[in-house]
Amino acid sequence: MIREYFLMFVSFVTLFIALFWIQVFLFRNKIQEINEAIDHSVSIIIPAYNEECCIEETLDSLLNLDFPKDKLKIIVVNDGSTDKTQEIVRGYQDRGVKLLNKKNSGKASSLNYALKHVKTELFGVLDADSVADKHSLKNMIHYFNYKSTGAVITLIKVKRPGNIYEKVQHLEYIFSAFSRKLMSNVNTLFITPGVLTVFRSDVVKKLGGFDEGNLTEDLEIAMKLRYNGYQIIIETNSLTYTSVPSDFKGLWAQRVRWFRGYLYNTRKYKDMFLSKKFGFLGLFQVPLNFVTVLLVILTFLLISYEILRLIYEFLIKLIAYKLDIIYSYKLPTLKELIFKLDLKILFPLVISFFLALYIYHKAHKETKETWKFPIAMLLYITIYPSLRIIHWIAALVKEISGAKKKW
Amino acid sequence: MVKVLRKRTMLLISLFLSIIVFSAGFLLGYGLDRGRINDVMNELDNLEFERESYLTEQQFAELFDGDECHVIYIRLNQLSGDLAEAGKILTDYESRGIFSGDDYKNLKLKYFLSEIKFYILLKQLNDECNLDRSVILFFYDQDQRASKQQGYALDAVVRRVQNITVLSIDRGLSKGSFIDIIKNYYNITSSPTIIINFDKKIIGYTSVDGILELIDRE
């Protein structure tokens, strides 16, 4: 009975959330395009550790930006690379790229090191394996005309998705970009990814820069900004492309690190939880994220238990029937199938499923993508959610047990 | 950006629509539940009709032929199979029922009544006509693993032996009902317990081979 009530609750929450975000999408205010002259100067920091594979493409994309050259500075922090990263960047120094060398100490430390050299009003962070679209930076800057804007993020897509892992993540990034847009619409966005986020320099410096001991310094700085009353906005006309893990091991390491970072930072900024001071973010978004993670893990555990129970019962039947599998399975009739349905749980789930399809369709439309990679799509809907939950459980176990933090 | 007031309105609308969808789900579920109950009632009515037909045929044979035993095997297999099928449907539907706990309890009592009537009939046939059929009375507890396992084992036995009838009775449902009489007669205190051919009582789980051996010995 408890199992049934729990499933009903999950089904209700799923439906409620889906309906809310659809309304946010349908009734969003259209943001007017502002064609103001660019009067902000920006420094883009690229922290790099052994990035010989991709840093050229990253730097080329920045040098090709449609942005006044006198207002753009590019800083590469070579974080003790042992490959040809330093040599490659040196080749760009005559085109205005500044190279800073330091001992290897991690991304956050590299960003703080570079921040000391930043003299511009704004600064951006771009991972060395990511590229920025020609117009991306230009589209973001006007938001800083508002004093409350702490950071502006871009719409991130997967760079040249090749294998099945990358294709599944391509779909995930589309959905993620769309959900960030919706969160931005209700001012609850609290993430500043390393794939070109532009920050207000004096604000980040005033807040103490990036947390060097943090597994997800990009989430931490975002929460710090929100905690101190600054807004984060997504500009969906600013496109960036990033490399994603291309195998199981890489994906596992990245996601467990991300989710551990989420758990750690949620605890660090627990004051935001259900706090009126942080408005809708504190009263709705932060608790919602927490509850969603909790419910998703519990549902996964419940479903796993049910599957194991069914397998156990099937095996017991097989043993009882002396392994005569023909005896143990009988095809149900249509009447039996209909009467087996539990509509009080199934009906809201079916409605939620169609709403999810609608959101999925709109996510593609809003990110100017078409429905492609059918196999990846199938995996994204069926197997990938379970994999994500396993990532969550692994992160939770590691965080609780205090396992060593590895980048 | 969306204003605070509109966010609240949106939350309320979401809550309202969610409640509507859930209510619709409950209503549909309730409708389906009525369908299930009617289905079981039809099954039980059919069983009663078959039993009555059987008794009528038996009476007719007794009065006009002077031998009631020869009609035994005509309907017995069918009655036994239908009874098992109705039991399976009832158990299956009960787990999916909403707001119908009492309805299902009554249906189960009605079903067990049919089973006991059939059991009495079989006993009568056994005594008077030397019944060539094994009869197993199975007392179980709902949601008990051992009972479930015993159910599977009996299911397997039914598939292996042709002339056999298994009648299952929920031990927990007996309080204050006609089931008490039969339970007290056999002194059933735990489950699973099986009674083979009216007098051999076995307490606890018995494997398929164990049951087959006992049937052979009888």
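Letters A, B, ... are given to chains in the order of the sequence lines, protein chains preceding strands, and every chain is numbered from 1. Everything numeric here is computed off the predicted structure, so don't read it as measured data. Every heavy atom of this structure was used, including side-chain atoms; hydrogens, water molecules and symmetry mates were not.
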Peer 1: For B/I89, is it the side chain, the backbone, both or neither that has a heavy atom under 4.5 Å from a heavy atom of chain A?
Peer 2: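 Neither the backbone nor the side chain of B/I89 comes within 4.5 Å of chain A.
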
Peer 1: What part of A/F16 gets closer than 4.5 Å to chain B, counting heavy atoms only: side chain, backbone, both or neither?
Peer 2: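 For A/F16, heavy atoms of backbone and side chain both lie under 4.5 Å from chain B.
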
Peer 1: Check whether any side-chain N or O of B/K7 sits under 3.5 Å from a backbone N or O of A/V186 as a donor-acceptor pair, and report yes or no.
Peer 2: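 Side chain of B/K7 to backbone of A/V186, a donor-acceptor pair under 3.5 Å: yes, one is there.
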
Peer 1: Say you draw a straight line from CZ of B/R36 to CD1 of A/I338; how long is it, rounded to the nearest 0.5 Å?
Peer 2: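 The distance works out to 11.0 Å.
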
Peer 1: What part of B/I13 lies closer than 4.5 angstrom to a heavy atom of chain A: side chain, backbone, both or neither?
Peer 2: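 Both backbone and side chain.
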
Peer 1: Is it the side chain or the backbone of B/D39 that comes within 4.5 Å of chain A heavy atoms, both, or neither?
Peer 2: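 Side chain of B/D39 only, per the 4.5 Å heavy-atom cut-off to chain A.
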
Peer 1: Relative to chain B, which segment of A/L15 carries a heavy atom at a distance below 4.5 Å: side chain, backbone, both, or neither?
Peer 2: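 It is both, since atoms from each part get that close.
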
Peer 1: Can you confirm whether A/F12 sits close enough to B/I19 that some side-chain heavy atom of one is under 4.5 Å from a side-chain heavy atom of the other?
Peer 2: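 Counting from C-beta outward, A/F12 and B/I19 do come under 4.5 Å.
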
Peer 1: Under 4.5 Å, counting heavy-atom pairs only, tell me which of A/S11, A/G279, A/A18 racks up the most with chain B.
Peer 2: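 Going by pairs under 4.5 Å, I would pick A/S11.
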
Peer 1: Please tell me if the side chains of A/F27 and B/T9 come closer than 4.5 Å, counting only heavy atoms from C-beta onward.
Peer 2: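 Side-chain contact under 4.5 Å: no.
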
Peer 1: Can you tell me how far apart CZ (B/F22) and CD1 (A/I345) are? Round to the nearest 0.5 Å.
Peer 2: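 The distance works out to 8.0 Å.
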
Peer 1: Decide if atom NZ of B/K201 counts as having more than 12 heavy atoms of other residues, nucleotides or ligands within a radius under 6.0 Å.
Peer 2: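 Enclosed: over 12 neighbouring heavy atoms sit under 6.0 Å from NZ of B/K201.
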
